[in-house]
Every structure is written in structure tokens, then in C-alpha cells.
Amino acid sequence: MRPVAAAAPADAQPLAAAIEAAISSRSPRLGRAAHARALRLLAPAIPPFICAHLVNFYSKLDLPGAAAAALATDPHPTVVSYTAFISGAAQHGRPVPALLAFAGMLRLGLRPNDFTFPSAFKAAAFAPARSTIGSQIHSLAIRFGYLPDDHFVSCAALDMYFKTGQLALARRLFDEMPNRNLVAWNAVMTNAVLDGRPLETVEAYLGLREAGGMPNVVSVCAFFNACAGSTYLSLGEQFHGFVLKCGFETDVSVSNSMVDFYGKCRCAGKARAVFDRMGVRNSVSWCSMVVAYAQNGAEEEAFTVYQHARRSGEVPTDFMVSSLLTTCAGLLGLDLGRALHAVAVRSCIDANIFVASALVDMYGKCGGVEDAELVFSEMPQRNLVTWNSMIGGYAHIGDARNALSIFDDMIRSGETTPNYITLVNVLSACSRGGLTAEGYQLFETMKERFGIEPRTEHYACVVDLLGRAGMEERAYEIIQRMPVRPSISIWGALLGACKMHGKTELGKIAAEKLFELDPQDSGNHVLLSNMFASAGRWSEATDVRKEMKKVGIKKEPGRSWITWKNVVHVFQAKDTTHEMHNEIQAVLAKLKRQMQAAGYMPDTQYALYDLEEEEKESEVFQHSEKLALAFGLICIPPGVPIRIMKNLRICVDCHRAFKFISGIVGREIIVRDNNRFHHFRHYECSCRDYW
DNA sequence: CTAGGGTTAG
């Protein structure tokens with residue numbers, strides 16, 4: 001038996017070292033072993049500094065329960081153990097326990113020191129805008145004499161005021177600082193970027209230089225962020241030169257912010273040049289490079305960089321996976337998206353709110369609403385983007401009922417409040433799903449109910465909504481009293497509706513506006529010509545065609561594609577080049593007989609007026625989407641939905657035929673055209689013939 | 001033994 005009191009100091013020193021080692025190697029096992037040894041050797045007289053070490057250890061490794069227990073069982077808690085606890089909790093984003101501990105130490109009569117206040121401010125920075133907790137800590141810091149002179153305390157207070165949106169107080173604190181140091185300038189710069197005031201970041205930088213200060217890596221990152229956010233390309237490029245001269249580019253974060261800056265300024269090549277020169281890269285570097293490609297229409301390169309990252313031993317992070325999922329959503333790459341879902345599950349990041357929201361978004365945009373619903377319903381928490389993505393998923397397939405019901409859930413959940421995107425999605429669901437009255441009422445009341453002023457996108461939805469329901473004149477009235485200039489999509493929606501309901505004169509007005517706004521677009525010309533043709537106004541139809549030829553506008557050829565075993569098969573109308581051409585024709589011929597027996601009549605009205613080829617009735621059967629479907633029926637095993645993409649709107653006859661085929665062969669067919677999804681099953685389509 | 005400002009995403 002050792003005499004406890006005498007043994008303590010001698011045993012305590014190596015114990016302290018062991019705990020330090022556990023922290024630096026981030027090893028919970030080593031730390032717990034040291035804790036057990038402390039209890040065995042030193043209890044009940046564990047010296048306060050060992051207790052502080054233990055609290056620090058659990059706190060730093062983000063084991064909040066154990067940290068709280070260590071603090072609670074400390075027989076003589078000190079400022080240091082409390083500060084260690086508060087610091088860890090604040091750093092790991094747990095403001096409530098941090099602030100409770102701060103209050104607790106005050107109650108015990110312990111006086112917070114110059115180390116405690118910065119952590120307390122960091123925790124208080126999480127508080128909602130109207131909370132006074134930060135100001136209360138501020139008063140305390142003044143009373144204890146740490147303000148205005150202590151740099152650490154004053155900078156933390158400054159940052160807290162910025163982060164809680166109390167800009168006036170932040171500015172006053174900054175203006176009254178007796179001697180501003182670099183960290184204070186940096187706090188101004190970084191918070192201006194975060195709050196979306198990039199010009200102020202640049203101004204603060206100039207202020208720093210005028211005061212004779214030199215930037216450090218933090219200031220440099222903030223500067224590039226400001227340039228990236230507002231795409232100040234030339235300003236950032238000039239700064240790049242300065243950064244090279246100072247040697248800052250060896251810092252990973254600086255180079256990362258440059259990659260991001262060039263990517264956001266639509267210079268993926270320059271981003272790549274920075275990336276290639278980096279001596280050290282981290283996961284952020286790889287992710288920034290992926291995003292730089294993905295956001296500049298270079299999705300394939302984005303995936304190549306991802307594969308390169310994996311080969312270099314990078315572990316997929318939540319950032320990486322959510323960025324790639326967004327890329328899939330843009331590519332309509334459902335298979336790729338599913339593969340990434342699997343990666344997310346294996347990496348245990350599928351419950352991350354960014355990843356899960358990106359999954360909901362990807363499944364919704366790629367035509368897998370059921371999977372979107374599954375992810376959505378199993379998410380531990382949801383935010384605005386999650387709800388918007390789910391509503392958007394329903395909008396894509398025109399499921400207005402579910403879109404409205406989820407919208408209702410969102411409002412009732414109280415988790416978030418709708419923003420303008422929410423309303424765009426709900427309105428477009430109503431329009432696609434034919435819920436005219438509900439959609440129109442929502443449009444009329446959105447300002448008063450949700451405080452959201454209708455934007456161009458909302459007007460486009462409501463014009464589409466009314467137009468589809470045959471109320472083109474009402475839609476035109478709304479366009480005329482819009483507070484902002486009507487966009488291409490608004491006139492496009494009106495033209496489409498006029499075409500659908502034979503409102504030729506109004507359609508002409510819309511088309512003229514469209515030709516002004518977008519003279520090169522072929523689709524609008526085709527639509528106008530077809531509209532005249534349907535109305536029997538042949539000479540005007542011909543005039544439009546002549547005009548197109550004169551100006552040199554070519555009709556975009558319709559293409560459909562389908563993926564099978566990771567190979568994309570592309571079809572054009574009357575395509576005979578596919579390797580399985582004969583089988584495809586045989587399937588189509590058989591389908592035609594079965595469909596006619598079931599009552600199908602071909603709809604050739606558009607084929608007949610086609611601008612380039614006067615297609616005959618039989619040629620309707622060679623449309624690209626039908627060829628793709630036949631291929632899918634041959635290759636894709638029964639039970640697996642057939643997914644087809646088309647670059648133009650699906651044709652009326654193909655739509656009619658697909659409904660028959662879905663019933664005859666008993667398969668689900670999902671067509672994504674340039675506007676929406678059509679989900680065919682049992683002789684019906686999800687759009688209910690309204691698109 | 002405890003401390004401030006930093007890069008990527010839905």
C-alpha cells in the first residue's frame with residue numbers, strides 16, 4: 001500500500017504527460033487508460049491539475065458526456081478545468097453546455113480569466129440574434145478588467161457580435177479598440193464575407209494596409225473568398241500575384257481558396273493550374289477542384305478528379321459526396337448517384353444533413369422520387385434545403401398533391417419557414433399537376449402569408465399554370481402588370497399554352513417577344529410554326545420556316561438516350577446505326593400490332609408539319625424515344641423501370657404510345673424530357689396528359 | 001493544464 005498523499009506528486013507528473021500524449025495522438029483509449037490509472041493510484045486525492053488535464057482530454061476529443069462527468073466529479077474544480085470544458089464544448093459546436101458551465105463556475109465563485117472569456121464568447125456566438133447572452137458576458141469581461149485591453153478577449157467579443165448579427169455593436173467595439181491587431185482586422189474581413197458583403201472585406205483589407213499592417217494567411221483567404229463570392233476576377237488575379245510574392249501560396253488553405261476563387265469565376269483551367277502546383281493537398285483541395293469543374297459544366301472532369309483523389313488515398317468526405325451528388329443531379333446520372341449513395345453509407349456520412357439533402361435532391365431530379373422519399377423520411381433532421389428538395393422532387397413528376405402535403409408538413413413542423421425557392425417548387429408542382437385553383441390562390445397570397453414577394457420565377461409558374469388551364473388571357477393580364485421585365489420562360493410558358501389551346505393571336509405576341517429576347521432559339525420558332533399549321537394558317541407557318549432558314553436557325557435534332565450496363569445508347573429519329581437495329585425494329589412492329597389491337601391511333605399532327613422532314617405516319621414510329629424504349633425492352637430485365645432521357649419535349653404520339661406500351665408489357669417507363677418527368681405505368685402517365 | 005481570426009457542400 002502506497003501512502004497516497006506522499007505518492008501523488010511523483011505519480012502525477014507522468015500521468016499528466018500520458019494524458020497530453022493521448023490528446024496529441026487523439027486516442028480515447030490512451031486517455032481512458034490514464035484516467036483509470038489516476039483513479040487507481042491517486043484517489044481520493046487526485047490533484048486539481050490532473051482533473052483539469054482529464055477534462056481537457058475528454059473535451060478536446062469531443063466526448064461530451066465523459067467531459068461533463070470528469071468536471072462533475074472533480075472535487076476541487078478550478079478555473080482551468082472549467083475553461084477546458086467550455087473551450088471544448090464551444091469548439092465542437094455545443095454552445096449550451098458551454099454556457100451552462102460558464103454560469104456554473106460563476107455560481108461557484110470561480111472567476112473567469114483571460115482564457116475563459118474567448119471560449120465563452122465563442123459559445124455565445126451561436127446564440128440567436130436577439131439573445132443578450134453575449135452582451136452579458138461582455139459586461140462581465142469589462143467588470144473583470146479584460147476589456148478593452150486584452151486582445152484575445154476583445155477579438156472574441158468582436159467576432160461574437162458579428163456572428164449574432166449585431167453589426168452596430170461590432171463596429172463600435174472595433175472602432176473603440178485601443179490598438180487593433182491583425183486578428184481584429186481579420187475578424188472584420190471574414191465576417192463580411194460570411195454575411196455577403198464582399199466589398200467590406202476588400203475595404204477592411206485596405207484599412208489594414210493603411211494602418212501599416214501586413215496580411216497573414218487568414219486575411220488572404222478572406223480576400224479570395226470575397227473575390228470568389230462576387231466574381232471579382234481581375235481583382236483576385238492581381239492579388240494572386242501579391243500572394244505569390246509573399247510566399248503565402250505554400251499554405252494549403254490559401255491555395256484552396258485560390259482554387260475556389262478561380263472555380264467560382266468560371267476559370268476551371270486556372271483553378272486546375274493552382275491545384276497542380278500545390279505541394280501539399282488536403283481533402284478540401286480535392287473537393288474544391290471537383291466543385292470547380294462541376295460548377296463549370298465539366299462534370300466528367302469532376303468525376304475524374306474524384307477518382308484521382310480516391311487513388312491518392314483520400315477518404316470520401318461529406319463535402320465531397322454532397323458536391324458529387326449535386327453533379328449527378330445536373331447530369332441526371334441516377335446510377336452514378338446510387339453508387340455515391342452506397343459510398344455515403346459505407347463512409348457513415350449518409351445521415352449528414354448536406355449529404356442527405358443532396359441525396360433527396362439527386363433522387364428527385366433523376367426521377368427516383370420513391371428513393372427521395374425514403375431518404376427524406378429517415379433523415380434525423382431536416383432544414384430548408386431538404387424540404388425544398390423534397391417538394392422539388394414531387395414537382396418534377398408533377399405530383400402536386402404530395403408536393404402540397406409536404407409543403408403543409410413543412411409549415412406545421414415549424415423547423416423552417418418557406419423561402420422563394422419553396423414557393424417556386426410548390427407552384428410548379430401545382431402547374432404540372434393541374435391544381436390550378438390551389439396554385440393560383442397560393443400565388444395570390446404568398447406575400448401576405450409568407451412575406452415573399454413574387455419574383456420572375458413565380459410569375460413564370462403562374463403563367464404556365466393559368467395557360468395550361470386555358471386561361472391565357474388572364475395570364476397575359478398578369479404579365480402586363482408585372483413589376484419586373486418578363487423573362488424568356490414567362491413568354492415561353494404563354495406561347496406553349498397558346499399553342500396547346502389554339503390561341504394563335506396571343507401566341508404571336510408571345511413569340512415576337514421571345515424572338516426579341518432569344519433570337520437564336522429554334523424551339524420557339526418551331527412552336528410558332530406548328531401553331532400556325534394547327535390553325536390551318538399555312539402561309540404564316542411557311543413564313544416562319546423561311547425566316548428560320550434566312551437567319552440560319554437550325555432545329556435541334558431530337559435525341560433520346562438510355563443507359564444500360566454503364567453504356568449510354570443515344571438514338572436519333574430514323575436511326576439505323578444501332579448495333580441492335582433489327583431487333584429494335586422487330587419489337588416496334590410487334591408493339592404496333594398489339595397497340596392497335598388495344599385501340600391505339602397514331603397522332604401524326606406534329607410529324608406532318610415538321611420543319612425539316614415531312615414525316616409520314618409510319619415515321620412517327622421511328623422517333624428517337626420509341627427506338628430507345630424498344631432497346632430498353634430488349635435489354636433491361638422485367639421488373640426494372642426503363643429510364644429514358646430526351647433533349648426535347650416528348651412528342652404527343654410517343655406519349656400516347658408509351659401509355660399503351662406500359663400497360664401492354666406491364667413495365668414502368670420513366671421519361672425525362674427537357675422539361676419534366678413522365679412516369680408511365682398501367683396505361684397512364686404521371687402527368688395525366690397535361691404537360 | 002485553459003485562448004482569438006481560416007479553405008470545401010445541400
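In the text below, chain A, chain B and the rest are named by the order of the sequence lines, each starting its count at 1. In this text the structure is predicted, and so the values were computed from the model without any measurement.
- Judged purely by atom type and a 3.5 angstrom limit, A/T231 has no side-chain atom pairing as donor or acceptor with the backbone of A/A228.
- Comparing B/dT7, B/dA3, B/dA9 by their nearest atom to the side chain of A/F354 picks out B/dA9.
- Screening A/M289, A/M278, A/R281 for a side chain to side chain contact (heavy atoms under 4.5 Å, CB included) with A/N256, the sole residue that qualifies is A/M278.
- Between the side chains of A/D149 and A/N179, not a single donor N or O lies within less than 3.5 Å of an accepting N or O.
- Note: OH (A/Y293) to C1' (B/dA9) measures 19 Å, nearest angstrom.
- Of the listed nucleotides (B/dT2, B/dG6, B/dA3), B/dT2 has the atom at the smallest distance from the side chain of A/N56.
- Checked against B/dG4, B/dC1, B/dT7, the side chain of A/C155 finds its nearest nucleotide in B/dG4.
- For A/K163, no side-chain nitrogen or oxygen approaches OP1 or OP2 of B/dG4 to under 4.0 Å.
- Note on A/I353: a base of the nucleic acid sits closer than 4.0 angstrom, heavy atoms only.
- Of the candidate nucleotides B/dG6, B/dA9, B/dA3, B/dA3 has the atom nearest to the side chain of A/K60.
- Ring geometry for A/F117 versus A/F144: interplanar angle of 30 to 60°, hence tilted.
- One interatomic measurement links the two molecules: CE of A/M189 to C1' of B/dG4, which rounds to 16 Å at whole-angstrom precision.
- Across the protein-nucleic acid pair, A/I46 atom CD1 and B/dC1 atom P stand 19 Å apart, rounded to whole Å.
- A/F223 places its CZ atom 16 Å from the C1' atom of B/dG6, with the value rounded to the nearest Å.
- Taking only side-chain nitrogens and oxygens, A/K122 comes nearer than 4.0 Å to OP1 or OP2 of B/dG4.
- For B/dC1, neither phosphate oxygen OP1 nor OP2 lies less than 4.0 angstrom from any side-chain nitrogen or oxygen of A/Q13.
- Evaluation of A/F319 against the base of B/dA9 yields no stacking contact (centre distance < 5.5 Å, interplanar angle < 30° required).
- The phosphate of B/dT8 (OP1 or OP2) has a side-chain N or O of A/N225 nearer than 4.0 angstrom.
- In this entry the distance linking CZ of A/F117 with P of B/dG4 reads 15 Å, nearest Å.
- Base contact: A/D251 has a heavy atom under 4.0 Å from a base atom.
- Between A/Y205 and A/F239, the gap from one ring centroid to the other is short of 6.0 Å.
- If you check distances only, the side chain of A/N191 never reaches the base of B/dG5 with a donor-acceptor pair under 3.5 Å.
- In this structure, the nucleotide among B/dA9, B/dG4, B/dT2 sitting nearest to the side chain of A/D260 is B/dA9.
- If you check the side chains of A/Q166 and A/T164, you find a donor sitting under 3.5 Å from an acceptor.
- Put simply, CZ on A/F162 is 14 Å from C1' on B/dG4, counting in whole angstrom units.
- With centres under 5.5 Å and a plane angle under 30°, the ring of A/F115 is stacked against the base of B/dT2.
- For A/L182, the side-chain atoms get nearest to B/dG5 when compared with the rest of B/dA9, B/dT8, B/dG5.
- In this structure, CZ of A/R272 is placed 19 Å from P of B/dT8, rounded to the nearest angstrom.
- Listed candidates were B/dG5, B/dT2, B/dG6. Nearest to the side chain of A/A84 is B/dT2.
- For A/N256 and B/dG6, the CG to C1' distance is 10 Å, given to the nearest whole Å.
- In summary, A/E237 and A/K270 engage in a salt bridge, as defined by a charged side-chain N under 4.0 Å from a carboxylate O.
- Closest contact between the side chain of A/N282 and the listed nucleotides B/dA9, B/dT7, B/dG5 involves B/dT7.
- Regarding contacts with the backbone of B/dA3, a side-chain N or O of A/S87 is found under 4.0 angstrom from either OP1 or OP2.
- Across all strands shown, A/V217 has heavy atoms under 4.0 Å from base atoms, whether or not it also approaches the sugar-phosphate.
- Here the side chain of A/S322 is nearest to one of B/dA9, B/dT8, B/dA3, namely B/dA9.
- For B/dG6, the base has no donor-acceptor partner in the side chain of A/N186 [N/O atoms by modelled type, under 3.5 angstrom].
- Of the candidate nucleotides B/dC1, B/dG4, B/dA9, B/dC1 has the atom lying nearest to any side-chain atom of A/A52.
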